[in-house]
Amino acid sequence: MFHKVNNVETLPNYELSVQFAEGITKKYDLKPLFKKWKQFAALKNNEELYESVKVDQGGFGISWNDELDLSCNELFDNGTVVKTPFDGLISFGDATLFWELNESTLRKAVSYGKFLKGIDVCKFGKQWVVSMDAMRREYGERKK
């Protein structure tokens, strides 16, 4: 299964905080890669390079440059779950991709009372977020 990366942040001690579209945050330890693949040792010797990590277009992984990257599945499968107050929350945009719905379908679900404001969904500025539990309750398991 594809685990879209929404955000990545560097942490001390060559660890990464990786937020996934399905509302899960994981910590990924880079240190084992220093011995496994010599290209990754460059991160240990270059703080500026280490800090330059970014999410690849489409969320398929992360990269530092053309030689250093990690796939979304590597990060998800080998990362350690970190509990946050935002666990289980996803954007309407990501929910539409996972459940193959139109965003207007989700907005209508809010207006018709299928999703309860403040419990199932919340709006931050212009962005709606919904809980994975509410999506499963209304639409079953995700398709993608």
_For a quick check under 3.5 Å, do D87 and T84 share a side-chain donor-acceptor pair by atom type?_
yes
_Minimum side-chain heavy-atom gap Y50-L16 below 4.5 Å_ = yes
_Minimal non-hydrogen separation, L106 against A95, with atom names_ = CD1-CB, 3.9 Å
*Decide whether M132 and V110 are clustered together by the hydrophobic rule: side chain heavy atoms of Ile, Leu, Val, Met, Phe, Trp, Tyr closer than 4.5 Å, transitively.*
yes
_Spatial distance of atom OH (Y14) from atom NZ (K31) [nearest 0.5 Å]_ = 9.5 Å
*Got F124 and V129 here, is their nearest side-chain heavy-atom distance under 4.5 Å?*
yes
*Would you please test T105 and W99 for side-chain contact (heavy atoms from CB on, under 4.5 Å) and show each step?*
CA-CA 11 Å; T105 302; W99 275 270; over 6 Å; no
_Looking at N13 and E15, would you say the former's side chain and the latter's main chain have a donor-acceptor pair under 3.5 Å?_
no
_Could you measure the distance from the CG atom of D69 to the CD atom of E74? Nearest 0.5 Å is fine._
11.0 Å
_The test is side-chain contact (heavy atoms from CB on, under 4.5 Å); show your working for S63 and L68 and say whether it passes._
CA-CA 6 Å; S63 62; L68 292 173; over 6 Å; no
*For E51 and T10, test the side chains for any donor-to-acceptor distance below 3.5 angstrom and give the result as yes or no.*
yes
*asked:* A side-chain contact here means heavy atoms from C-beta on lying under 4.5 Å apart; do F34 and N45 qualify?
replied: no
*Going from CZ on F86 to CD on Q19, what distance comes out if it is rounded to the nearest 0.5 angstrom?*
8.5 Å
*What about F92 and L101, same hydrophobic cluster or not, with Ile/Leu/Val/Met/Phe/Trp/Tyr joined at side-chain heavy-atom distances under 4.5 Å?*
yes
*Would the number of heavy atoms belonging to other residues, nucleotides or ligands and lying under 6.0 Å from CD of Q39 be above 12?*
yes
*asked:* Nearest 0.5 angstrom please: N73 CG to F60 CZ, how far?
replied: 10.5 Å
*Any chance you could measure F98, atom CZ, to I90, atom CD1, to the nearest 0.5 Å?*
6.0 Å
*Below 4.5 Å, heavy atoms only, C-beta onward: do K117 and C122 meet side chain to side chain?*
no
*Does one hydrophobic cluster hold both V55 and L43, with members joined at side-chain heavy-atom distances below 4.5 Å?*
yes
*Is the count of non-hydrogen atoms from other residues, nucleotides or ligands lying under 6.0 Å from K108 atom NZ greater than 12?*
no
*Take L75 and I62, measure what side-chain contact (heavy atoms from CB on, under 4.5 Å) needs, and give me the verdict at the end.*
CA-CA 9 Å; L75 296 163; I62 61 170; 3.8 Å; yes
*Might you point out which heavy atoms bring E67 and N65 nearest each other, and give the distance in Å?*
N-OD1, 2.8 Å
*Between F20 and H3, which heavy-atom pair has the shortest distance, and what is it?*
CD2-O, 3.6 Å
*Going from OG on S91 to CG on N6, what distance comes out if it is rounded to the nearest 0.5 angstrom?*
6.5 Å
*Answer yes if L70 and L11 sit in the same cluster of Ile, Leu, Val, Met, Phe, Trp and Tyr residues linked by side chain heavy atoms under 4.5 Å apart, and no otherwise.*
no
*Identify the heavy atoms of M135 and F115 that sit nearest to each other, and give their distance.*
SD-CZ, 3.7 Å
*Could you tell me whether the side chain of N78 reaches within less than 4.5 Å of the side chain of Y28, counting heavy atoms only?*
yes
*Could you check E22 against R142 for salt bridge (Lys or Arg N to Asp or Glu O under 4.0 Å), going step by step and ending with a plain yes or no?*
CA-CA 10 Å; E22 57 259 66; R142 64 185 254 198; 3.4 Å; yes
*asked:* Within the supplied structure, the quantity of interest is the number of heavy atoms (other residues, nucleotides, ligands) at a distance under 6.0 Å from K44 NZ; does it exceed 12?
replied: no
*Nearest heavy-atom neighbours spanning D94 and K4*: OD1-NZ, 2.7 Å
*Take V5 and V18, measure what side-chain contact (heavy atoms from CB on, under 4.5 Å) needs, and give me the verdict at the end.*
CA-CA 7 Å; V5 176; V18 185; 3.8 Å; yes
_Between V81 and F76, is there a side-chain heavy-atom distance shorter than 4.5 Å?_
no
_V82 side chain reached by S17 side chain, heavy atoms, under 4.5 Å_ = no
*For Q127, does the CD atom sit with more than 12 other heavy atoms under 6.0 Å from it, leaving out its own atoms?*
yes
*Can a donor-acceptor pair be found between the side chains of D120 and S131 at a distance below 3.5 Å?*
no
*Specify the closest pair of heavy atoms between W64 and K54, including all atoms of both residues, with the distance to one decimal.*
O-NZ, 4.1 Å
